[in-house]
Structure formats: C-alpha cells, structure tokens
Amino acid sequence: MQNMEISWAFRELADLLEFEGEVFFKIRAYRRAAKVIAGLEEPVVELYRRGTLARVPGIGKNILAKIGELITTGEMKKLQELRRKWPPGILEVMALPGIGPKRARFLHEQLGVTSLAELEEAARQKKVRALRGMGVKTEQEILRSIELVRSRQGRILLPLAREIAGELASYIQDTPGVYKVTVAGGIRRWQETVDEILLVAAAEDPEPLLNALAAYRRVREVLVRESDRMRVQTWWGVPVELRVVGLPAYGAASLWATGSAEHWRQLQALAAQRGYHLDMRGLAGADFPSGNDESVLEDAPAPVPPVPGAPLPREEEYIYRRLGLWPVPPELREGRGEVELAAGGVPPRLLEVEDVKGDLHVHSDWSDGANSILQMVQRAKEKGYRYLAITDHSRSLTVARGLSLERLQEQHSLIKELNEKERDFRILTGIEVDILARGGLDFPDEVLAEIDVVVASVHSGFRQDKETLTSRVLQAIENEHVDIIGHPTGRLLGEREAYALDMERILEAAAKYGKILEINSSPDRLDLNEHYARLARDYGVKLAVNTDAHDLRRLDEMPYGVAVARRAWLGPEDVVNTLDLPDLLRLLGK
DNA sequence: GCCGTTTTCGGCCCGACTGTTTTCAGTCG
C-alpha cells in the first residue's frame, strides 16, 4: 500500500464526512493527515511496522488505527460504510467551485441530485434557481463550472502520471525477456497534464509482457489487446498503453510514442524527402547499425527521468542524425518549429536543473509552511543551492498566518543572525506580499525597501474584472521595491482558471520596469505557463523559476518549472536564479 | 479528529466576498 493510496483514502473520508455535516475539526484532522501522509518521504507501511508512525504530527490514536486497518486488510471500514451510504457522484458535485457541503446536501435533498449529470439537467430545467438561497446567477455559475470540469476530465497532473508510469515501467522491466522500457508520450515531453500513459518496451516476444500487464494488481480492465500492444484501464482511472517492439525498431517506436503527433509527422515528412521511410517499425533504408547488439542494453536510462534534459537513447539520436537534425529533447517535440531549428546550426542551450543556484520563493513555519527556516536552508544546501529566499505570506493573508510587521522584522533579524554562521550560502530575507483586492500592497514602501526579495502575488479578488485585476498587478510592477510577480496568472490546474489579465500590458510593464515574472514550479500551478514564459522572453522580461515550496519535499519540484522553461525554449540567461549571488544582488538592486 | 498539557478536557475557526437576502448563509483562500 503506497502513501498516495492511504492519503487518498483519508481525503475521501474527509469529503464524505463533510457532506454529512460532521464537525469541522474532525474533517480538518483527516485532511491534515492526508496531507501529511502525502508529504512523507518514507513509506507509511515502513513507519507503521517500525512503530514510529504515531510520532508523525497529525497522526493520533484513531488515525493510526485506521492506517493499520488499511495496511492489514486493504480497506477502511468507516470509509466503506460511507461509500455505501452516499452515491459517488455527490463528491464531484461538492467539488464544483461555489458548491460546498451544505449546498451539495441541499441539492441532494431538494432535487435528488447525485451526480454532475443530474445537476446539469436540473440547472438546464431551471430548477436550481427556484430553490431557497439560490438564484439565476448561481444556476449559471453551476453550468459554467460543470463545463470547466468536463473539459479537464480524464486528465491528471504530471507528478501522479510520473508516479504511476514509474511503478508500471519497473514492473514491466522485471518481466523476463524484457530488454528495456521507456515511458513515452506527454510524460516524457513534460506536458502539464496527460490523459494517458504510453510505455514502449523492447523484447523478442511481446506475449509475456502483455500477460504481465493484464495481470497487474492495479489494472482494472483490458480495453484492447493485439499481438504487440495492449491498452488497459487502471485503478487510478488513467488508461495505460504498452507497445512491444523488437530491438531494431526500439528507437523509432520510442520516437513515435513520445510524439507529439505533429513532431512525428514532420519527422516522417523529412525522412521521405531524404529517400527514407520512417514509421514506428524503424527508419527503412537506414537501420540502427547495432540494432541487435547486446551493448545497447547497457545504456538503458531510467524509464521516468528525474529531471528534464535526460540524455536520449542512442537509437533515437541515431534517427535524428540520419535525418540531418541534432537530437531534439523531448520537451521541444511539439511541432512548434523545433524541426526547422534542429536542421541547422547548434542546439540551443536550454535551462537545466543544475543551472539553478537558488530558490527565490519558499515558505517556512513562520506562516503556512510546514518546516523551519533552518530545515529549508539545510535542504537547499543539499541541493547545491547558494542562496534561498524565505518569502512568507504578509499580514492580510490571515488563513496562511501571514506575518505582521513585528513578526516580519523578528524573522528578518533571525535571518541576519543565521547568516553570520553561513559560509558560501546566503539566506535572503523576503516576503510574499499580497497585492490587495482594493489595490496596493500589504506592506508600506519603507518596509519593502529593507527586504532582499519582494515577491508580490494576488491571493484575493480573483473574480474581479480584467481591467481591475490588470491594474492591481500593474501597480505592483510599478512599485520600485517589488522584484518578482509570483504565480502571475493565478491558475490552479483543473481547479481554477487563470484570472482575467491583460498579459500583454503586464509584459510590457515588466519589461519597462525591469521586473521579474515567476515560473511557479508547483505542478498544479506551472504559472507562468510555457506560452507566456516564451512570450515574456520575447518582451525581454526575465524570469525566476521558483518552487513556492511549503515543505521540504516540495523544494524538489524545481524540475517541473525547469521543464516549463525548456518547453518555452528558455536558456540559463533568461532565468535570474541561475545567477551567482553577487550578480543576483546587483540585479535586485541590493 | 489531534494536541498539549495547566494530565483529561478545552482549544482548534479567520475574514472577505458573493448572491441572496431583508439580515445572512455559504464558500473559499
């Protein structure tokens, strides 16, 4: 039983209890446990066996017992009971923006709504507006939200996709007769979200691999089975496709399965021009010379590369070279001009994780972070960083225990003290200052002037109109003490649309005032996204790739932001936190 | 539910916004 599954069980438990109207604190305790478990670095099963799980904050007697139940029986009685009691669709209803437990319950009682489809039907028949406490606007908002949810249905975020793909790939890898396995598709290209997981395996005989996949404990259903491919539905709800080829076809199959479709189409066209024929069985007329050479088995890379920019399998590289191209990194394979680019000159130097010398947006337990400043610093050092900016929330964000002026000053004197003991590392004082709903910033200029790194972010008034929101952000950009605009568009993937912003005006202003825009690496944000990041560079705006980490583990999410930068064709020179400390300080005007 | 004790139960939960109201409930960050 993986941490993720245990965490999910408690989240579902909390959701169902919330629907039932259980007391707030109990629900919050379960949610906290779910979050804590998801953030644990060690397997819960291990901690449980060792008897140290109860020491984890947020896990008391009751939750410990439920975890024990999950580990030993694979089920949790309380959860099963609730699942039997309520239709599964009500959780989707409750998850709609603007619909909480009370309204979900009310809709269930008054209209018999048990699913999104039924709610949609009721709203279309104008039955929702007739209910007490709801009106036309609510009804329209519900229909809009359902539309949003539909559009993202079936797509999962990259970290989950990577985890599932890694688990399956290593399982397949262990099947006898397998030479190597690659995770391909959108995962390999570091797309924001994916709707399927594609695996390519090289083996003499596909049969045992397909049998193995069909028998995997988290495969729910075999959707398609052919002699060399299988498509299955999994326990996680995301379909997985495995394609098995012989070693000589491995490079072509991996290229094909990695895509994108457009990139592949352009490669095929180029091959035809050069008198070859390229399909997923290989590059006819130019086979990989050592296609059956046992030595190809030795350089098999990890199925799920930990960072973007991993070396290509040499069979892929060979095909690019034969087509007169330099090998195109998977992140660029979107058919957005990379094939033309790869036909001439030298490859661009794209940003790499190793270029990053520090993180300029992280939280500590002074506001809503889980770890102390020292713990965050320690981890930053382990990552080889030279600096770390502690940017806790400002006073207005009370839910996040935003810092009062006094606490801010207290924190900054602590940081100054800590810095006296540091060598070759600098803790930068910082703040994530709220861009207030009424305009202006949460701290006065004279306070901001004293801070090394000022990140300004919107956390309220998301639904204001475009003009209002744009002018709020413009005001922040024009403030001489602001350095970085944090998660500039405010989107939460699959949860909340970006707020209405006139991005061209924002980019113009950022260029004019020399302000840095953030690429927030949090996988549910990735904000700016790759399109705006590229646009920003075209405007001459510098970017900062930050994690916005609220705990130690999320400091590790830097690769996701780096992937966005790479997909935007950015190099180290476009990103400020590749600078050495003195250069960075100069840029910040410190 | 958990936590922290002042060891056995009380504290944890804030404030703005919105749409619906006739004075406020529900949602959300």
Side-chain angles (χ1 to χ4, degrees), chain A residues 9-37 53-67 69 76 78-79 82 93-110 123 128-145 363 365 367-370 392-404 432 434-439 442 457-465 468-469 472 486-487 490-492 495-497 499 522 524-525 527 548 550:
Chain A
F10 280 105
R11 223 170 39 191
E12 191 183 347
L13 181 64
D15 288 347
L16 285 164
L17 286 174
E18 190 173 38
F19 181 78
E20 285 204 321
E22 182 58 90
V23 291
F24 167 81
F25 298 104
K26 197 187 266 197
I27 294 159
R28 194 183 61 175
Y30 285 133
R31 292 237 161 90
R32 237 177 83 196
K35 208 174 146 195
V36 164
I37 290 164
L53 189 56
R55 277 188 227 151
V56 175
I59 297 183
K61 233 173 73 181
N62 200 297
I63 290 180
L64 184 68
K66 285 187 164 59
I67 292 175
E69 210 187 327
M76 191 201 299
K78 179 77 185 164
L79 181 58
L82 288 168
V93 172
M94 203 166 77
L96 282 179
I99 305 289
K102 302 270 171 60
R103 282 182 167 176
R105 188 73 189 267
F106 191 57
L107 289 163
H108 180 59
E109 284 165 358
Q110 296 294 313
V128 173
R129 67 179 65 176
L131 295 177
R132 176 171 47 82
M134 302 202 196
V136 178
K137 277 194 176 172
T138 308
E139 190 173 82
Q140 285 167 346
E141 192 58 34
I142 284 173
L143 286 171
R144 277 232 312 275
S145 307
H363 297 268
D365 56 8
S367 65
D368 60 347
D392 277 309
H393 290 289
S394 61
R395 58 189 173 190
S396 282
L397 209 62
T398 47
V399 267
R401 305 201 310 125
L403 266 46
S404 66
E432 181 176 15
D434 256 51
I435 298 173
L436 300 173
R438 59 172 187 273
D442 200 13
S457 308
V458 170
H459 290 117
S460 58
F462 302 119
R463 290 163 73 172
Q464 293 171 347
D465 62 69
T468 311
L469 269 157
R472 279 168 69 191
H487 44 72
R491 72 166 177 175
L492 290 176
E495 270 179 59
R496 189 175 70 208
E497 301 279 16
Y499 29 74
S522 182
D524 61 345
R525 289 193 183 269
D527 180 12
D548 192 3
H550 284 67

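Each chain gets a letter, A, B and so on, in the order its sequence line appears, and its residues count up from 1.
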Near DNA chain B, counting only heavy atoms under 4.0 Å, which residues of residues 95-107 of chain A show up?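 Nucleic-acid contacts, sorted: A/Leu96, A/Pro97, A/Gly98, A/Ile99, A/Gly100, A/Pro101, A/Lys102, A/Arg103.
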Same-atom distance ([atom1]) from [N] to [M], integer angstrom:
{"N": "B/dG26", "M": "B/dT21", "atom1": "C1'", "result": "13 Å"}
{"N": "B/dC3", "M": "B/dC13", "atom1": "P", "result": "14 Å"}
{"N": "B/dC17", "M": "B/dG10", "atom1": "C1'", "result": "32 Å"}
{"N": "B/dA25", "M": "B/dT20", "atom1": "C1'", "result": "9 Å"}
{"N": "B/dA16", "M": "B/dG11", "atom1": "P", "result": "24 Å"}
{"N": "B/dG19", "M": "B/dT8", "atom1": "C1'", "result": "45 Å"}
{"N": "B/dC12", "M": "B/dT5", "atom1": "C1'", "result": "15 Å"}

When you list every nucleotide of DNA chain B with an atom under 4.0 Å from a heavy atom of chain A, which one comes first 5' to 3', and which comes last?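 Both ends considered, the range comes out as B/dG1 to B/dG29.
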Which part of the nucleic acid, if any, lies within contact of [X], taking any heavy atom under 4.0 Å across all strands shown: a base, the sugar-phosphate backbone alone, or nothing?
{"X": "A/Val458", "answer": "nothing"}
{"X": "A/Arg28", "answer": "base"}
{"X": "A/Thr138", "answer": "sugar-phosphate"}
{"X": "A/Tyr30", "answer": "sugar-phosphate"}
{"X": "A/Ile59", "answer": "sugar-phosphate"}
{"X": "A/Ala437", "answer": "sugar-phosphate"}

For residues A/Asp442 and A/Leu397, determine if any side-chain heavy atom of one lies less than 4.5 Å from a side-chain heavy atom of the other. no
Side-chain contact test, heavy atoms from C-beta onward, threshold under 4.5 Å: evaluate it for A/Thr138 versus A/Leu131 and give yes or no. no
Do side-chain atoms of [X] reach the backbone of [Y] as a donor and acceptor pair under 3.5 angstrom?
{"X": "A/Arg472", "Y": "A/Leu436", "answer": "yes"}
{"X": "A/Asp524", "Y": "A/Leu492", "answer": "no"}
{"X": "A/Glu432", "Y": "A/Ser457", "answer": "no"}
{"X": "A/Arg103", "Y": "A/Gly98", "answer": "yes"}

Between A/Gly133 and A/Arg55, who's closer to the 5' end of DNA chain B by nearest nucleotide?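 So the residue in question is A/Arg55.
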Closest-nucleotide ordering on DNA chain B, the 5'-leading residue of A/Gln464 and A/Met94: A/Gln464
Please name all residues satisfying side-chain contact (heavy atoms from CB on, under 4.5 Å) with A/Ser145, sequence neighbours left out, ordered by chain then number. A/Leu96, A/Pro97, A/Glu141
For B/dT8, the Watson-Crick or wobble partner whose two distances fall under 3.5 Å: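 Across all strands, not a single nucleotide pairs with B/dT8.
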Looking at residues at least two apart in the chain, or sitting in another chain, which of them share a side-chain hydrogen bond (donor to acceptor under 3.5 Å, both in side chains) with [X]?
{"X": "A/Asp434", "value": "A/His459"}
{"X": "A/Arg31", "value": "A/Asp15, A/Glu18"}
{"X": "A/Arg129", "value": "A/Glu139"}

By the rule that syn is within 90° of 0, classify the base conformation of B/dT8 as syn or anti. syn
